[in-house]
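Data first, discussion second: the structure below is written as structure tokens.
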Amino acid sequence: MIKKQVIVLSCIFLSCSTYKLLEPTQEDVEKNKSKFSNITLEDLQQGKKIYESNCNLCHKLYKPNALTEEQWKKIIPPMVKKVNKKAGQAILSAKEEELILKYILVIKERK
Ligand code: HEC
């Protein structure tokens, strides 16, 4: 009985800790051209990199579909400020903020 619970718990733990953010593809670019003008694969790849290397300093990375588009648009600006405050300098600018948002909203569109 106890063994079973341990197995279940460690499965839950493992699936959380090994969660990998999805890699953007050219297909994502094609699908989102009307939503974001001049969207590029490089932008999306950069957005992913910036997100995964700066947004897990205080909490785990939230999955793109954990929040609605409106919630993301609202939460990212204050979170970027938090990153800069923690770093003690403006390591993320408005440009990086936009790249994070773009990556998240594009991946969120995938079903
Ligand atoms: C300095 C610590 C810190 C950093 C760095 C940070 N966060 Fe947060 N984050 C928090 C705290 C604290 C909360 C909980 C409540 C709040 O302040 O909104 C939170 C909450 C969140 C939530 C949940 C909001 C909700 O409505 O449930 C999301 C999504 C989020 N952060 C995204 C990000 C993103 C994206 C970045 C990178 C740009 C980031 N965080 C970087 C501290 C941080």
Side-chain angles (χ1 to χ4, degrees):
M1 199 58 205
I2 289 174
K3 240 186 196 165
K4 207 171 172 186
Q5 285 168 333
V6 169
I7 292 169
V8 169
L9 279 177
S10 44
C11 287
I12 292 169
F13 177 73
L14 278 176
S15 64
C16 287
S17 58
T18 57
Y19 167 65
K20 277 263 189 292
L21 287 172
L22 294 174
E23 207 57 61
T25 64
Q26 191 57 38
E27 204 188 326
D28 293 314
V29 174
E30 301 305 326
K31 273 199 289 189
N32 289 276
K33 270 185 173 157
S34 54
K35 184 165 177 160
F36 300 104
S37 54
N38 57 50
I39 183 172
T40 66
L41 185 55
E42 292 74 52
D43 276 1
L44 294 176
Q45 287 165 338
Q46 239 190 310
K48 174 177 184 276
K49 226 179 264 171
I50 299 164
Y51 178 54
E52 65 192 357
S53 48
N54 295 284
C55 299
N56 60 353
L57 307 177
C58 308
H59 49 68
K60 66 183 169 52
L61 292 174
Y62 286 79
K63 292 184 188 185
N65 60 9
L67 278 76
T68 65
E69 179 166 344
E70 288 318 303
Q71 287 172 322
W72 278 116
K73 283 182 176 163
K74 224 195 259 170
I75 198 79
I76 288 184
M79 287 298 151
V80 163
K81 286 205 187 82
K82 276 189 198 286
V83 172
N84 290 339
K85 198 169 169 201
K86 194 171 170 79
Q89 55 181 312
I91 55 172
L92 299 183
S93 66
K95 163 110 176 111
E96 275 96 33
E97 182 176 312
E98 197 191 315
L99 291 177
I100 297 174
L101 184 64
K102 237 186 233 182
Y103 166 74
I104 287 178
L105 295 184
V106 162
I107 294 300
K108 187 174 160 46
E109 279 308 300
R110 287 205 204 158
K111 288 286 150 39

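Every residue two or more places apart in sequence or in another chain that forms a side chain to side chain donor-acceptor pair (under 3.5 Å) with Lys33 is listed here: Glu30. For the side chain to side chain donor-acceptor pair (under 3.5 Å) test, residues two or more places apart in sequence or in another chain that qualify with Glu96 are Ser93. Glu52 meets the side chain to side chain donor-acceptor pair (under 3.5 Å) test with Lys48; sequence neighbours excluded. In terms of the side chain to side chain contact (heavy atoms under 4.5 Å, CB included) criterion, Ser34 has no residue partners (sequence neighbours excluded). Taking Lys35 as the reference, Asn32, Glu69, Glu109 meet the side chain to side chain contact (heavy atoms under 4.5 Å, CB included) condition, with sequence neighbours excluded. Legend: residues meeting side chain to side chain contact (heavy atoms under 4.5 Å, CB included) with Gln71, ordered by chain and number and at least two apart, are Leu67, Thr68. Applying the side chain to side chain contact (heavy atoms under 4.5 Å, CB included) rule to Glu98 yields the partners Lys102; only residues at least two apart in sequence or on another chain are considered. Listed by chain and residue number, nothing satisfies the side chain to side chain donor-acceptor pair (under 3.5 Å) test with Ser53 (two or more places apart in sequence, or in another chain).
Note that CG of Leu99 and CD1 of Ile39 are 10.0 Å apart. Values are rounded to the nearest 0.5 Å. Taken from CG in Leu61 to OH in Tyr51, the straight-line distance is 4.5 Å, to the nearest 0.5 Å. Once rounded to the nearest 0.5 Å, the distance linking OH of Tyr103 with CG of Leu22 reads 5.5 Å. Rounding to the nearest 0.5 Å places NZ of Lys49 at 13.5 Å from CD1 of Ile100. Atoms SG and CD1, on Cys55 and Ile75 in that order, are 11.0 Å from each other to the nearest 0.5 Å. Distance check, rounded to the nearest 0.5 Å: CD of Gln45 to CD of Glu23 gives 6.5 Å.
Looking at Trp72, its side chain does come within 3.5 Å of a backbone N or O of Pro64 through a donor-acceptor pair.
Judged by a 6.0 Å distance limit and a 45° cone about the ring axis, Lys60 is positioned over the six-membered ring of Tyr62.
Shown here is Glu27, whose CD atom has no more than 12 heavy atoms of other residues, nucleotides or ligands within 6.0 Å.
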Can you give the donor-acceptor pairs under 3.5 Å from side chains of residues 80-90 to other protein atoms, not counting sequence neighbours?
{"unit_1": "Asn84", "atom_1": "OD1", "unit_2": "Ile91", "atom_2": "N", "d": "3.0"}
{"unit_1": "Asn84", "atom_1": "OD1", "unit_2": "Leu92", "atom_2": "N", "d": "2.9"}
{"unit_1": "Asn84", "atom_1": "ND2", "unit_2": "Leu92", "atom_2": "O", "d": "3.0"}

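Listed here is the closest heavy atom pair of Ile107 and Pro24: CD1-CA, 4.3 Å. Between Ile50 and Asn54, the shortest heavy-atom distance links the atoms O-ND2, 2.8 Å.
The shortest side-chain heavy-atom distance between Phe36 and Val106 falls under the 4.5 Å cut-off.
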